[in-house]
S.K.: 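I'd like to ask you about the structure that follows.
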Amino acid sequence: MNVLDLDYMLGLIPVLLKYLPLTLEMAAAGMVLALVLACLLAVIRVLKVPVLDRFAMLFISFFRGTPLLVQLFLFYYGLPQLMSSLTAINGITATIMGLTMHFSAYMAESIRAAIVGVDRSQTEAALSIGMTNAQLMRRIVLPQATRIAVPTLMNYFLDMIKATSLAFTLGVTELMGSAQKEAAGSFLYFEAFIIVAIIYRGIVELLSWLQRYLEHRLNRAYSR
Amino acid sequence: MIQLKGLRKEYGKQTVLDGIDLDIAKGEIVVVIGPSGTGKSTLLRCINFLETPTAGEITVGDLTVDACSTSRKDILALRRRTAFVFQNYALFANKNALDNIAERLIVVDRWPKEKARQKAREILQRIGLADKAEAYPASLSGGQQQRVGIGRAMATGAEVILFDEPTSSLDPEWVEEVPGLMKQLAREHQTMLVVTHEMSFARDVADRVIFVDGGRIVEQGPPSELFSNPRDPRTRDFLRKVLPDQTA
């Protein structure tokens, strides 16, 4: 067994970290868009909006039922073949689209569960003082559903950060792609990929810390 | 003031309310009693459309709503003229006591926040919880939560407050504070329709007691009359069970 090249590994850290912003940008954009789409889907499912509800179910079953990599290939390689206007779609855009749709399908279900999890009698109380459905959702149900949903949504966000590594299959040089390139040049695969693993692990640790802080704040109203 | 005409509620083949006719005058305190599962709560919940009645007509103040042809606007208008006190309090868990009371004024009546909170503070004072303004429901006792629930109903300025078994979820040690507050409201001539198992409240406070069984009004009258001299055998039977130490 060969000894690991420690100097090479340490030298690689600043090289790879240059690509960290792109990874985080894709994850952040994907998360924001996925949250918006997931809230929309969840509200449609909870209120059982005619027609749209069927569409939402179909959407969720497709994006939960197929691998993310397959979806990314469909967006990047497949769609431009059908619609020539999409030929210009770049790997980053395709990745953000894929992450958004894939994760919104999962997140919609956990947001829906959180909305249903808010005590039904509070909805009745809100109706009884004359609030409209939109008002009671915004002021009573969603704030409480947020608290219930935060732990699972944070989980999906962590998963999404890691899933951005698939972008390298669409030719995007992000964290994973840059490690791949470095390793291909030096043939030190283990060194390159273990550094990538450590960097991902570090981001996840930071965000777990943020999650604990967020949960603590959101729980303040509910502790005796 | 409040008028129900032929109010019916059916779940599939089961009839829960079998044609209720009822007039309540302004400032009147009406208590509904009767065995469990006879539609008392359903009656209250139909008046503000938490349940949709199958048929009948509901008048509150100058608004009349026909169960068979309602618009969303009618239902909203009806709910804004009535207030509801729930058995399990149903306070907004994400809002403190003050904002539970102010919520209606801010969101529905569109008062400026400070004015609404000022009014809510006055109500907290009246319900004896001025020191709990910042407390969230989770940190309040059952009796305190129900008083905030009543405060929330008071803030609506509704023409009638509907009480759905307001003391049933309370530990015995808290039971007194809630009827105490309701008696205070009664003295202020707040119109109330109360479903309760607290016969002492019915006897002491009600202007009129209504006995409901099988989805119908079986008998009604002033408490002195209904409790001491019930005419219908079903009323007599019920009162014998709930007032065991009294020969009805």
Side-chain angles (χ1 to χ4, degrees), chain A residues 35 39 42-44 46-50 52-53 110-154 211 213-224, chain B residues 41 44-45 47-52 72-73 75-97 99-110 134-141 145 148-149 151-158 161-164 169:
Chain A
L35 263 179
C39 284
V43 170
I44 288 171
V46 170
L47 298 179
K48 298 196 172 63
V49 181
L52 287 181
D53 187 35
S110 75
I111 293 172
R112 185 174 72 93
I115 291 175
V116 174
V118 175
D119 182 14
R120 163 87 198 148
S121 67
Q122 290 185 46
T123 301
E124 293 193 337
L127 290 175
S128 82
I129 60 170
M131 286 165 91
T132 63
N133 277 324
Q135 286 171 336
L136 76 88
M137 270 289 164
R138 193 163 47 81
R139 298 192 53 103
I140 308 297
V141 177
L142 289 180
Q144 294 183 62
T146 304
R147 167 179 164 262
I148 303 174
V150 156
T152 52
L153 293 181
M154 272 309 270
Q211 174 179 358
Y213 171 76
L214 211 59
E215 283 178 30
H216 175 72
R217 284 209 50 159
L218 285 167
N219 278 329
R220 272 194 308 208
Y222 303 87
S223 47
R224 278 180 169 271
Chain B
S41 290
L44 288 197
R45 294 167 61 84
I47 293 176
N48 69 354
F49 272 74
L50 283 180
E51 306 273 353
T52 310
R72 215 184 272 239
K73 217 173 121 228
I75 294 175
L76 211 56
L78 191 64
R79 284 184 180 146
R80 288 174 182 181
R81 276 156 215 253
T82 57
F84 207 96
V85 175
F86 294 83
Q87 181 176 351
N88 65 350
Y89 333 128
L91 296 184
F92 305 131
N94 59 330
K95 304 212 172 274
N96 63 28
D99 283 339
N100 261 278
I101 295 171
E103 184 71 2
R104 145 86 184 221
L105 301 172
I106 294 170
V107 178
V108 176
D109 302 324
R110 309 245 173 227
E134 308 296 326
Y136 284 88
S139 65
L140 295 173
S141 75
Q145 286 190 58
V148 174
R152 178 173 66 186
M154 288 158 67
T156 63
I161 302 182
L162 309 166
F163 292 82
D164 186 11
S169 301

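Chain A is the first sequence line, chain B the second, and so forth, proteins listed ahead of strands; every chain is numbered from 1. Here the structure is a predicted model, which means the values were calculated and not measured.
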S.K.: Under 4.5 Å heavy-atom distance to chain A, tell me which part of B:F86 shows up: side chain, backbone, both or neither.
M.R.: side chain
S.K.: Does any backbone or side-chain atom of A:R139 lie under 4.5 Å from a heavy atom of chain B? Answer side chain, backbone, both or neither.
M.R.: both
S.K.: Measure the CD-CD distance between A:E124 and B:E51 for me, rounded to the nearest 0.5 Å.
M.R.: 7.5 Å
S.K.: If you tally heavy-atom pairs under 4.5 Å against chain A, which of B:R80, B:R72, B:E103, B:K95 wins?
M.R.: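 Looking at each of B:R80, B:R72, B:E103, B:K95 in turn, B:E103 comes out on top.
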S.K.: Which one wins on heavy-atom pair count under 4.5 Å against chain A: B:T156, B:L78, B:N88?
M.R.: B:N88
S.K.: With rounding to the nearest 0.5 Å, note down the distance linking CD1 in B:I101 to CD1 in A:I129.
M.R.: 11.0 Å
S.K.: Which one, B:A90, B:A153, B:A83, leads in non-hydrogen pairs under 4.5 Å with chain A?
M.R.: B:A90
S.K.: Can you tell me how far OG of A:S128 sits from CZ of B:F49, rounded to the nearest 0.5 angstrom?
M.R.: 15.0 Å
S.K.: Looking only at non-hydrogen atoms, find the nearest pair between A:Q144 and B:A93 and report the distance.
M.R.: OE1-CB, 3.5 Å
S.K.: Please state whether the side chain, the backbone, both or neither of B:L91 comes within less than 4.5 Å of a heavy atom of chain A.
M.R.: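 For B:L91, the backbone is the part near chain A, not the side chain.
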S.K.: What part of A:Q122 lies closer than 4.5 angstrom to a heavy atom of chain B: side chain, backbone, both or neither?
M.R.: both
S.K.: Tell me if a side-chain donor or acceptor on B:N94 pairs with a main-chain N or O of A:L142 at a distance below 3.5 Å.
M.R.: no
S.K.: Can you give me the closest heavy-atom contact between B:F92 and A:A125, atom names plus distance?
M.R.: CE2-CB, 3.9 Å
S.K.: Heavy-atom pairs under 4.5 Å with chain B - which of A:L218, A:L127, A:V118 has more of them than the others?
M.R.: A:L127
S.K.: Between B:R81 and chain A, with a heavy-atom cut-off of 4.5 Å, which part of the residue counts as in contact: side chain, backbone, both or neither?
M.R.: neither
